[in-house]
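As a basis for the values below, the full set of heavy atoms in this structure was taken, side chains included, without hydrogen atoms, waters or symmetry mates.
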There are 2 protein chains.
Amino acid sequence: MATIEDVARAAGVSVSTVSYALSGKRPISVATRERIQRAVRELDYRPHAGARALASSRTDVLALVAPLRVDVNVPVILQFVAGVVTRARTHHKDVLLLTNDDPSSLDRVVAGSMVDAVVVMDIETDDPRLPELRAMKQPAVLIGLPGDPGPLSCVDLDFAAVGRTAVQHLLAAGRRRIGLVGPTPVVRARHTSFADRLLHGYADALAEAGLEPLETAAEGTRRGGITAVAELLERHPDLDAVVVHNEGALPGVIEALREGGHDDRALLAVGPADVVAALPVDCDWIEIPAARIGELAVDMVVDRLEDGRGPEVRLLPPTLARHRVTP
Amino acid sequence: MATIEDVARAAGVSVSTVSYALSGKRPISVATRERIQRAVRELDYRPHAGARALASSRTDVLALVAPLRVDVNVPVILQFVAGVVTRARTHHKDVLLLTNDDPSSLDRVVAGSMVDAVVVMDIETDDPRLPELRAMKQPAVLIGLPGDPGPLSCVDLDFAAVGRTAVQHLLAAGRRRIGLVGPTPVVRARHTSFADRLLHGYADALAEAGLEPLETAAEGTRRGGITAVAELLERHPDLDAVVVHNEGALPGVIEALREGGHDDRALLAVGPADVVAALPVDCDWIEIPAARIGELAVDMVVDRLEDGRGPEVRLLPPTLARHRVTP
DNA sequence: TTGAAAGCGCTAACAA
DNA sequence: TTGTTAGCGCTTTCAA
């Protein structure tokens with residue numbers, strides 16, 4: 001492998017000139033820059049990442065702490081990850097993938113200066129990793145919103161607003177007995193941030209209207225959806241609408257509603273675009289822009305890195321639309 | 001951050017002694033080892049990854065080149081990835097995630113010595129990345145089997161054997177007109193290695209029995225499955241069995257078969273355990289052990305790294321089982 | 001069993 | 001506009 005010294009020699013300049021020409025951190029005459037670029041090309045020179053990291057204490061690598069669990073909806077995870085990775089590339093950063101099942105990894109990676117910054121997915125309301133994240137020298141962005149973010153940046157869809165918007169929309173449409181089919185029981189039990197927040201928004205909006213919440217969890221399968229609706233109907237036979245925040249359960253919910261004779265205004269789905277687009281019925285819909293949130297997370301963390309900006313919390317406002325089946 | 005020098009000072013030894021104590025590459029007296037370990041603990045010392053990489057030309061990082069496409073079945077991808085990441089951790093390696101849509105990444109990462117080895121997913125029969133992979137100094141393992149592996153290690157389920165096994169099983173059960181519902185048209189058109197191989201095995205086995213292949217692609221949706229079966233039936237009204245190698249289309253295929261009055265021996269599903277386990281009917285089943293293949297890939301590449309072993313090709317034999325619905 | 005010291009390849013302060 | 005050079009924090013050879 002060619003080193004910076006090889007390039008310097010070939011171009012007839014000093015190593016520092018090569019370094020500066022490559023980083024653009026000081027002006028270089030056109031002539032020498034071109035000689036250097038030629039040498040780089042001819043020798044197929046690539047800077048040694050370790051050497052650069054050692055000298056500059058920057059690695060141009062982000063850590064992505066992601067759960068590869070099956071209890072959260074898998075395609076959604078992958079959309080977040082895809083958003084993070086593609087956006088990282090536009091900022092000339094690579095992504096080191098850490099899965100949650102090994103808590104010591106983050107420590108090692110962060111303390112060993114392997115990464116410049118950290119993006120953390122699957123945040124719980126009272127997340128056990130928060131102390132560690134706060135103590136790091138590298139900036140972190142959470143995808144989600146813990147109870148107390150402190151000096152950590154956060155970005156997510158405003159799930160409380162999602163819950164409120166959904167209820168208000170259905171109330172305006174004349175529905176009164178509005179159920180909620182939430183994520184799987186495991187996710188609920190973990191107090192995954194988004195589940196908690198949506199539930200609160202939903203319950204608050206109902207309370208304001210003097211109505212009681214009708215909530216249930218569902219496994220992320222067709223059968224889970226059917227069961228959940230059956231359960232809701234049993235407890236509340238006058239159910240006249242349902243908000244579904246569970247991608248996998250949607251098909252089952254739809255079947256159950258149809259069999260129960262409910263119309264296509266009784267369902268309000270919360271989910272990513274592709275999932276909802278595939279639904280076989282018209283319905284109201286609030287998008288979870290997963291890839292976009294992943295991209296934003298990277299933008300935010302890179303901003304902090306480059307502009308030394310402080311932490312911020314960004315909650316994307318939900319938008320409600322109507323999904324129509326394309327025949 | 002504490003450095004190795006801080007540790008050496010605190011323990012009253014030289015830096016080399018600390019280094020050797022930590023790597024275990026030369027004998028250290030019990031007494032000094034303990035002093036060093038105490039110092040490490042008290043200072044919370046972590047070696048600087050860049051410095052280590054520079055001095056030793058090892059990074060303990062693997063590159064995982066993975067497509068984050070939606071046209072391949074997403075949960076399956078994530079199972080591969082999970083297998084790779086968890087197994088990497090047991091070998092004390094981290095994983096740098098590269099997505100396919102940026103072909104220059106691999107170059108940069110490999111030439112910049114950011115990784116010790118590379119695992120590549122989503123291999124096509126005549127994959128355009130092969131020349132580059134062959135030219136790297138780092139060992140590579142392909143998950144899949146290109147037409148000409150050369151000096152590259154490969155690991156995958158033996159999809160040709162899957163096709164053959166499926167056909168032979170159905171023939172033995174008295175079926176004669178055996179259809180194949182393959183992956184999405186995009187995947188087929190790319191000549192993704194596994195799709196090609198399964199198709200060949202299937203067609204060969206039929207040819208040996210003097211029968212013709214009845215093949216079609218399907219979108220990975222319920223609707224895709226319904227359409228695919230309809231199409232097969234239209235072209236071959238005497239269809240009496242179908243091999244499905246398309247997770248997303250399975251529910252639709254099942255519906256279509258049931259409506260067509262076919263029994264539960266008419267379907268042979270090829271897919272990962274969790275997908276098949278969720279199917280609402282009994283059927284024959286060949287597993288795609290995605291996580292296991294990911295783990296094997298890492299084992300193989302680590303073997304080459306540590307034992308200097310040469311490349312090898314491992315094709316896992318398929319096993320056929322019966323999936324039964326648990327009521 | 002331990003230590004001294006020469007790099008590894010780069011960045012950036014300092015000097016010209 | 002360019003060059004010299006001192007590190008960055010490790011590993012590993014050579015020497016004791």
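Rounded to whole Å, atom P of D:dG7 lies 17 Å from atom NE2 of B:His48. Summarising the geometry, the separation between CG on B:Asp60 and P on D:dT11 is reported as 11 Å, rounded to the nearest angstrom. Rounded to a whole Å, the CG atom of A:Leu54 is 7 Å from the P atom of D:dG9. With rounding to whole Å, B:Arg46 atom CZ is found 16 Å from D:dC10 atom C1'. Across the protein-nucleic acid pair, B:Arg9 atom CZ and D:dG9 atom P stand 12 Å apart, rounded to whole Å.
Protein chain B touches strand DNA chain C; the 5'-most and 3'-most nucleotides with an atom under 4.0 angstrom of its non-hydrogen atoms are C:dT1 to C:dG9.
Looking at the side chain of B:Ser56, the nearest of the listed nucleotides D:dG3, D:dT12, D:dC10 is D:dT12.
A salt bridge links A:Arg89 with A:Asp94: the closest approach of a Lys/Arg side-chain nitrogen to an acidic carboxylate oxygen falls below 4.0 angstrom. Taking 4.0 Å as the cut-off between side-chain N and carboxylate O, A:Arg38 and A:Glu34 do not count as a salt-bridged pair.
B:Phe194 pairs by the ring-ring contact (aromatic ring centres under 6.0 Å, His included) definition with B:Phe159, B:His245, not counting sequence neighbours. Under the rule for a salt bridge (charged side-chain N to carboxylate O under 4.0 Å, His left out), B:Asp274 has no partner lying at least two apart in sequence or in another chain. In terms of the side chain to side chain donor-acceptor pair (under 3.5 Å) criterion, B:Asp148 has no residue partners (sequence neighbours excluded).
Where A:Val15 and B:Ala2 each meet DNA chain D at their nearest nucleotide, the meeting point lying more 5' is that of A:Val15.
Within a 6.0 Å radius of CG in B:Asp126, no more than 12 heavy atoms belonging to other residues, nucleotides or ligands are found.
The end-to-end axis angle of the helix from C:dT1-D:dA16 to C:dA16-D:dT1, rounded to 10 degrees and based on five pairs per end, is 30°.
The closest side-chain heavy-atom distance from A:Leu142 to A:Leu130 is below 4.5 Å. Residues A:Val301 and A:Ser153 fail the side-chain proximity criterion, which asks for heavy atoms closer than 4.5 Å.
For the segment residues 19-40 of chain A, residues with any heavy atom less than 4.0 angstrom from an atom of DNA chain D are, sorted by number, A:Arg26, A:Pro27, A:Ile28, A:Ser29, A:Thr32.
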